Amino acid sequence: MILVTGATGNNGLEILKRLASQNVQARAMVRDRDRAKAIADLGFEMVEADFDHPETLPSALAGVDRAFLVTNSTEHAEAQQLAFVEAAKQSGVKHIVKLSQFAANADSPVRFLRYHAAVEAAIQATQMAYTFLRPNLFMQGLLNFRSLIVEQNTFYAAIGDAKVSVVDVRDIADVAVAALTEAGHEGKIHNLTGPQALTHTEMAEYLSAALKRQIAFVDIPPKQMRKAMVGFGMPAWQADGVIEDYAHYRRNEAAAIASGIEDVTGKAPRQFKDFARDYATVFS
């Protein structure tokens, strides 16, 4: 039995779609089954559990051999994931596939990279088999700018002309499914990037071509970006973390291109132009 946490999120839903197409038995962990129609439509067993209530985790983990671990990026994420790891160990889970982050490191100035490294270390300490997926910035992260792109033909970030080897969530899901269903991924760390390192201006050019209208990228100071994110309702802790992430990108620390996707799937990762084409209707 495979357990997929974060089942209603971008990564979890893409993983479940692939498992369904392969007729693989799995269980989807959700906080509210009434809001998980997409999962119900796929025909998977659903179990209600909440990372903030560790006492609900054992029922989700009962009989599970392999688990995919992802949580929302909040100030509670590290504690939530550590509690899940402990519950998985107590429940006899044999293999955890964790969605981590490119350049995860305990000494990083980026809080997200530190917490991912802490959870990776905790999983390794359990002696359970593990696979760590370390993707770079998601192409689908641009969906957060959807309203600006639709209404103003513009998006903003504090990144200058730094390049980032952005990756498509669909490719991450392909790797995750392989790690959950195939042997040979135990003890592996898969660095996942797209095939190109692009500036945000170059991304805007690809969007312009796909949407057949001019899309502009505007570089802004970090303080302005933070103010905008908080204004859109992002919690201050998370906004500060995103600013740290973008400082990391701005230092060109996320421009490397890794072969993890092709190594695992045998297919080249999707290019940004593929993302722009496939999501054109979302930005129209």
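Model, not experiment: these values are computed from the prediction. Note that the numbering runs from 1 along the sequence shown for the chain. Atom set for the values below is all heavy atoms of this structure, side chains included, hydrogens, waters and symmetry mates excluded.
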Chemist: Closest heavy-atom contact between Asp52 and Asp50?
Modeler: N-OD1, 2.8 Å
Chemist: Can you confirm whether Val30 sits close enough to Val47 that some side-chain heavy atom of one is under 4.5 Å from a side-chain heavy atom of the other?
Modeler: no
Chemist: What residues, two or more places apart in sequence or in another chain, satisfy side-chain contact (heavy atoms from CB on, under 4.5 Å) together with Glu14?
Modeler: Lys17, Arg18, Val169, Arg170, Ala173
Chemist: Excluding sequence neighbours, so at least two apart, what forms salt bridge (Lys or Arg N to Asp or Glu O under 4.0 Å) with Glu75?
Modeler: none
Chemist: Side chains of His95 and Asp65: closer than 4.5 Å at any heavy-atom pair?
Modeler: no
Chemist: So, does Thr154 use its side chain to make a donor-acceptor pair with the main chain of Gln152 at under 3.5 Å?
Modeler: yes
Chemist: Identify the two heavy atoms, one from Ser91 and one from Pro58, that lie closest to each other, and give their separation to 0.1 Å.
Modeler: OG-CA, 4.3 Å
Chemist: Within the distance-only criterion (no hydrogens, no angle test), does the side chain of Thr5 pair as donor or acceptor with the backbone N or O of Val70 below 3.5 angstrom?
Modeler: yes
Chemist: Salt bridge (Lys or Arg N to Asp or Glu O under 4.0 Å) with Lys163: which residues, sequence neighbours excluded?
Modeler: Glu202
Chemist: Of all residues at least two apart in sequence or in a different chain, which pass the ring pair (Phe, Tyr, Trp, His ring centres under 6.0 Å) check with Phe275?
Modeler: Phe272, Tyr279
Chemist: Partners of Arg33 by salt bridge (Lys or Arg N to Asp or Glu O under 4.0 Å), sequence neighbours excluded?
Modeler: Glu48
Chemist: Hey, are Tyr130 and Gln124 close enough side-chain-wise for a donor-acceptor pair under 3.5 Å?
Modeler: yes
Chemist: Taking all non-hydrogen atoms of both residues, which atom of Ala158 and which atom of Pro221 are closest, and how far apart?
Modeler: CB-C, 4.0 Å
Chemist: Say whether Asn153 and Arg213, considering side chains only, have a donor N or O and an acceptor N or O under 3.5 Å apart.
Modeler: yes
Chemist: Return each pair, listed once, that meets ring pair (Phe, Tyr, Trp, His ring centres under 6.0 Å) where at least one residue sits in residues 155-188; pairs must be two or more places apart or across chains.
Modeler: Phe145-Phe155, Phe155-Phe217, His185-His190
Chemist: Is there any ring pair (Phe, Tyr, Trp, His ring centres under 6.0 Å) pair reaching into residues 45-86, and which pairs are they, with sequence neighbours excluded?
Modeler: Phe51-Phe84
Chemist: Kindly indicate, with the supporting measurements, whether the criterion side-chain contact (heavy atoms from CB on, under 4.5 Å) is fulfilled by Ile189 and Arg134.
Modeler: CA-CA 7 Å; Ile189 297 174; Arg134 291 183 176 178; 3.6 Å; yes
Chemist: Please check this pair: side chain of Asp240 against backbone of Trp237, looking for a donor-acceptor N/O pair closer than 3.5 Å.
Modeler: no
Chemist: Is a donor on one side and an acceptor on the other found under 3.5 Å between the side chain of Asn136 and the backbone of Ala254?
Modeler: yes
Chemist: Is there side-chain contact between Asp171 and Leu192, with heavy atoms separated by less than 4.5 Å?
Modeler: no
Chemist: Counting N and O atoms only, with roles assigned by atom type, does the side chain of Arg66 sit under 3.5 Å from a partner on the main chain of Leu180, one being a donor and the other an acceptor?
Modeler: yes
Chemist: Phe102: what forms a ring pair (Phe, Tyr, Trp, His ring centres under 6.0 Å) with it, not counting sequence neighbours?
Modeler: none
Chemist: Going by side-chain contact (heavy atoms from CB on, under 4.5 Å), name the residues that satisfy it together with Ala20, two or more places apart in sequence or in a different chain.
Modeler: Leu42, Phe44
Chemist: Would you please test Gln81 and Lys98 for side chain to side chain donor-acceptor pair (under 3.5 Å) and show each step?
Modeler: CA-CA 9 Å; Gln81 293 196 17; Lys98 171 180 160 48; 2.7 Å; yes
Chemist: With Leu82, which residues qualify under side-chain contact (heavy atoms from CB on, under 4.5 Å), at least two apart?
Modeler: Glu78, Val119, Ala122
Chemist: Are side-chain heavy atoms of Met128 and Lys94 found at a separation under 4.5 Å?
Modeler: no
Chemist: Thinking salt bridges, do Glu244 and Arg111 make one under a 4.0 Å N-O criterion?
Modeler: yes
Chemist: Kindly say whether Ile257 contributes a backbone atom to a donor-acceptor pair with the side chain of Ser165 at under 3.5 angstrom?
Modeler: no
Chemist: Just jot down the salt bridge (Lys or Arg N to Asp or Glu O under 4.0 Å) partners of Asp32, sequence neighbours excluded, or say none.
Modeler: Arg35
Chemist: Test Gln140 against every option in Val282, Asp168, Ile172 by the side-chain contact (heavy atoms from CB on, under 4.5 Å) rule and name the one that passes.
Modeler: Asp168
Chemist: Just so I know, are the side chains of Val166 and Phe138 near enough to count as touching, which here means a heavy-atom distance under 4.5 Å?
Modeler: no
Chemist: Does some side-chain heavy atom of Ile261 sit less than 4.5 Å from a side-chain heavy atom of Lys267?
Modeler: no
Chemist: Can you find a heavy atom in the side chain of Val167 that is under 4.5 Å from one in the side chain of Pro269?
Modeler: no
Chemist: Under the side-chain contact (heavy atoms from CB on, under 4.5 Å) rule, collect the residues that match up with Ala103, sequence neighbours excluded.
Modeler: Leu113, His248
Chemist: Minimum heavy-atom separation for Ala60 and Ala49, please, with both atom names.
Modeler: CB-CB, 4.0 Å
Chemist: Identify the heavy atoms of Ala197 and Ala255 that sit nearest to each other, and give their distance.
Modeler: CB-O, 3.4 Å
Chemist: Report yes if some heavy atom in the side chain of Ile215 is under 4.5 Å from a heavy atom in the side chain of Tyr206; otherwise report no.
Modeler: no
Chemist: For the side chain of Ser108 and the backbone of Val110, is there at least one donor-acceptor N/O pair under 3.5 Å apart?
Modeler: yes
Chemist: Does Arg270 come within less than 4.0 Å of Asp174, counting only side-chain N to carboxylate O?
Modeler: yes
Chemist: Should Asp263 and Lys188 count as an ion pair when the cut-off is N to O under 4.0 Å?
Modeler: no
